[in-house]
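Step one of this worksheet: look at the structure below.
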Amino acid sequence: MKKKKQVPAARIAVVLAFVCAAGLLLFCWKRFMPTSKRMSADEYFGSLAEGEAAVSVEDRVADERAVWIDDRLYVDYSLVRTELNPRFHWDASVGLMLFTTAEEIFEIPVNSSSYTEGGEAKDAGYEIVKQDADKMYLAMEFLQQHSDFTYEILEELSRIAVEFGGVTVTEATMKKDSAVRYQGGIKSPILTQAKKGTRVTVLEQMEKWSKVRTTDGYFGYVQNKRLTDIAEVERPSVYTGPAYTCMSVDGKLNLVWHQIDYAGMNENLASDTGAISGVNVISPTWYFLTDNAGSVGSFADVSYVEQAHAAGLQVWALIRNFGEGVDTTQILASRAARQKIQEYLVAQADEIGFDGINIDFEGIMEEAAYDYVQFMRELSILCRKKGLVLSVDVPVPMDFSSYYDREELGVVCDYVIMMGYDEHYAGSDIVGSVASLDFERNGIRNMLSEVPKEKVVSAIPFYTRLWYTETLADGSTSVTSESLGMAGAWQVLEENGVQAVWDEDAEQPYGEWIDAQGRLCQIWLEDDSTVAERAALVSENDLGGIAAWVLGQEMDYVWSVISENIA
């Protein structure tokens, strides 16, 4: 019987060592070697139909497409509206594309080369607006002529790269040929190659990688060590349209609204303003919408204006959108209704003699916001030509109200008035201050991120709310409230033998008690200290001024307190 031949242990050890080394090398290669896998253009930009082109806009690839029609480039209007130039406004009520500048309105029909500019007939030589089923497109050539951006056609017409002018960007130079990857990391697929010496726009810098935009329209990542000469660069503007000139009062605006609910209340001007000082503008609530066709009701009075002017006050007539059966969304969507309101107000300025218009359209729905801003653009042209100050009242900025487009309102209007109240409002089931100090501070800070400081006006309340919380028979809770002026608020505390305490959170005096009906009564009050704090926010932030709602609900001391603190 033969004995089995044994393999030497040393040989086994060598083999095992070789296998381990090979495994280790394979592991290191897989982990540390960059992938050469590429992502196709179709995978990155999405598949394109015949005649379509992907659009790269500053920091992303847009969902919307450009299309070639009759050898001319057109871009999806939804992209124009949201990013490229929202001053091109499709008005379905008249079937026209409107383009609004500081001085004129362009009226552009669909599938036509003809258009009007400020009523003057013109011809572009090509169709400016194209409509295809539910899609609408705007000629890129015409759009670019009236917008502050440039565009480049890339890769045999399949991509368009858009860059805005008048902005500051970060750029860098590639040290050597480098792969631009879909995500940060060497295992992410390659989008394109950036050649040595080419410039890229740096969108975001991280510890080891930077997100960049390449000249061929990709947004990807390169290693920081591949970049040099990183610097901020200001791109020059390529479009200079008519200037949005503005009107303003001398010094800080100090406005008070004057509630006029019927014509006879105009006679109260002298008595209502007898104690005021420092105010330079009074805004009577004269005008109101009465139907969905743009009809306007009025309590306006010539003698009121004459009396106010004699007292050194400008008059800015207010128009509000409150009214039974009035649908603000429907009104704003109709060009005829918008024009009816605008032309009426400007004609009234000639007839009545007031100095400005204050737009107080509240409760704007998100679906109406685009038409609302267009209404303000159109009205601003008429006001600018007539020398009328245009102001607009907006709620305290919140994420849910960003659709108000306060940035654009800050361009077309002379003043944007932040209504710094109704933090807790009538009908709310949450009890609290009408306007805590932080509510106003945060509102101003957010306003200043969108509107130039000299146009921001902080509106403060001369009123508060007395809240009643009642436990009902079924165990549920009922919350109701009533509005009180400053004097009335302190009086109700005195009548109930309540001593106000200081609420650290709201930074206001606060009182509470149980009334004869067993209801919990709560109230946050205004006094000289809270008025001073609110007014001081104007000087601290160098705002355009202050406004107050509403004349007649204040204590006499507020006027000197405001004047001393807004300067």
Side-chain angles (χ1 to χ4, degrees), residues 46-57 62-154 156-162 238-239 241-242 329-330 332-340 342 367-375 377-378 381:
S47 59
L48 299 170
E50 183 69 26
E52 281 190 341
V55 183
S56 297
V57 182
D63 294 330
E64 302 85 356
R65 303 299 195 190
V67 295
W68 291 91
I69 304 174
D70 299 329
D71 295 326
R72 192 172 297 277
L73 183 64
Y74 291 80
V75 65
D76 191 321
Y77 169 64
S78 57
L79 180 61
V80 176
R81 170 175 169 167
T82 56
E83 293 195 54
L84 299 184
N85 191 334
R87 290 176 186 157
F88 281 89
H89 180 95
W90 173 247
D91 195 315
S93 71
V94 288
L96 292 171
M97 183 70 72
L98 306 178
F99 172 59
T100 310
T101 71
E103 297 177 355
E104 305 291 353
I105 299 176
F106 292 57
E107 297 180 339
I108 311 167
V110 174
N111 301 329
S112 173
S113 63
S114 300
Y115 66 99
T116 63
E117 178 182 349
E120 181 182 349
K122 297 196 172 184
D123 195 298
Y126 53 87
E127 293 181 352
I128 303 168
V129 178
K130 287 279 196 181
Q131 192 165 17
D132 177 22
D134 61 340
K135 287 280 190 180
M136 187 167 296
Y137 298 91
L138 193 60
M140 196 66 154
E141 180 180 347
F142 190 87
L143 176 63
Q144 196 273 327
Q145 289 170 1
H146 300 284
S147 308
D148 199 359
F149 69 76
T150 59
Y151 69 95
E152 184 179 359
I153 301 170
L154 306 166
E156 298 179 355
L157 316 184
S158 66
R159 294 202 296 279
I160 311 298
V162 176
V238 295
Y239 169 73
T329 299
Q330 182 178 333
L332 294 173
S334 165
R335 189 167 189 226
R338 295 198 307 268
Q339 288 179 316
K340 187 174 182 179
Q342 295 156 357
E367 59 267 26
Y370 196 58
D371 294 322
Y372 166 69
V373 175
Q374 180 64 16
F375 172 84
R377 288 192 192 104
E378 294 165 351
I381 295 174

| CD-CZ distance between E141 and R72, expressed to the nearest 0.5 angstrom |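 The distance works out to 5.0 Å.
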
| In Å and rounded to the nearest 0.5 Å, what is the CD to CD distance from E52 to E50? |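 Between E52 CD and E50 CD, I get 9.5 Å after rounding to 0.5 Å.
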
With a 4.5 Å limit on heavy-atom distance, are the side chains of [X] and [Y] in contact?
{"X": "I153", "Y": "W68", "value": "yes"}
{"X": "D76", "Y": "R65", "value": "no"}
{"X": "Y151", "Y": "V75", "value": "no"}
{"X": "L96", "Y": "P109", "value": "yes"}
{"X": "H89", "Y": "D371", "value": "yes"}
{"X": "F106", "Y": "T101", "value": "yes"}
{"X": "E104", "Y": "E120", "value": "no"}
{"X": "L84", "Y": "E64", "value": "no"}

| request: Sequence neighbours left out, what pairs pass salt bridge (charged side-chain N to carboxylate O under 4.0 Å, His left out) with at least one residue falling in residues 107-118? | output: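 Of all non-adjacent pairs touching residues 107-118, those that pass salt bridge (charged side-chain N to carboxylate O under 4.0 Å, His left out) are E107-R335, E117-K122.
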
| Partners meeting ring pair (Phe, Tyr, Trp, His ring centres under 6.0 Å) with F142 (sequence neighbours left out) |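 Listed in chain order: Y115, H146.
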
So, for [X] and [Y], which heavy atoms are closest and what is the spacing to 0.1 Å?
{"X": "A102", "Y": "P242", "answer": "CB-O, 3.6 Å"}
{"X": "V55", "Y": "A66", "answer": "CG2-N, 3.7 Å"}
{"X": "A62", "Y": "V57", "answer": "CB-CG2, 4.4 Å"}
{"X": "L154", "Y": "A161", "answer": "CD1-CB, 3.7 Å"}
{"X": "A368", "Y": "L332", "answer": "O-CD1, 4.1 Å"}
{"X": "I160", "Y": "A53", "answer": "CG1-CB, 3.9 Å"}

| query | Do T329 and E367 meet the criterion of a side-chain donor-acceptor pair at a distance under 3.5 Å? | reply |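 No, no side-chain donor-acceptor contact under 3.5 Å.
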
| request: Can you spot which of L138, V110, I69 makes a side-chain contact (heavy atoms from CB on, under 4.5 Å) with K130? | output: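 Only one of L138, V110, I69 forms a side-chain contact (heavy atoms from CB on, under 4.5 Å) with K130, namely I69.
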
Answer yes or no: is there a donor N or O on one side and an acceptor on the other, between the side chain of [X] and the main chain of [Y], under 3.5 Å?
{"X": "S147", "Y": "F149", "result": "no"}
{"X": "R87", "Y": "F99", "result": "no"}
{"X": "Y77", "Y": "F88", "result": "yes"}

| Verdict with reasoning, Y74 to E127, per side-chain contact (heavy atoms from CB on, under 4.5 Å) | CA-CA 10 Å; Y74 291 80; E127 293 181 352; 4.0 Å; yes

| If you count the non-hydrogen atoms of other residues, nucleotides and ligands that lie under 6.0 Å from CG in D70, is the total more than 12? |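 Not more than 12 within 6.0 Å, no.
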
| request: I would like to know whether I128 and M97 meet side-chain contact (heavy atoms from CB on, under 4.5 Å); could you show each step before the answer? | output: CA-CA 9 Å; I128 303 168; M97 183 70 72; over 6 Å; no

| field | Residues R338, D91; criterion side-chain contact (heavy atoms from CB on, under 4.5 Å); working and verdict | value | CA-CA 11 Å; R338 295 198 307 268; D91 195 315; 2.6 Å; yes

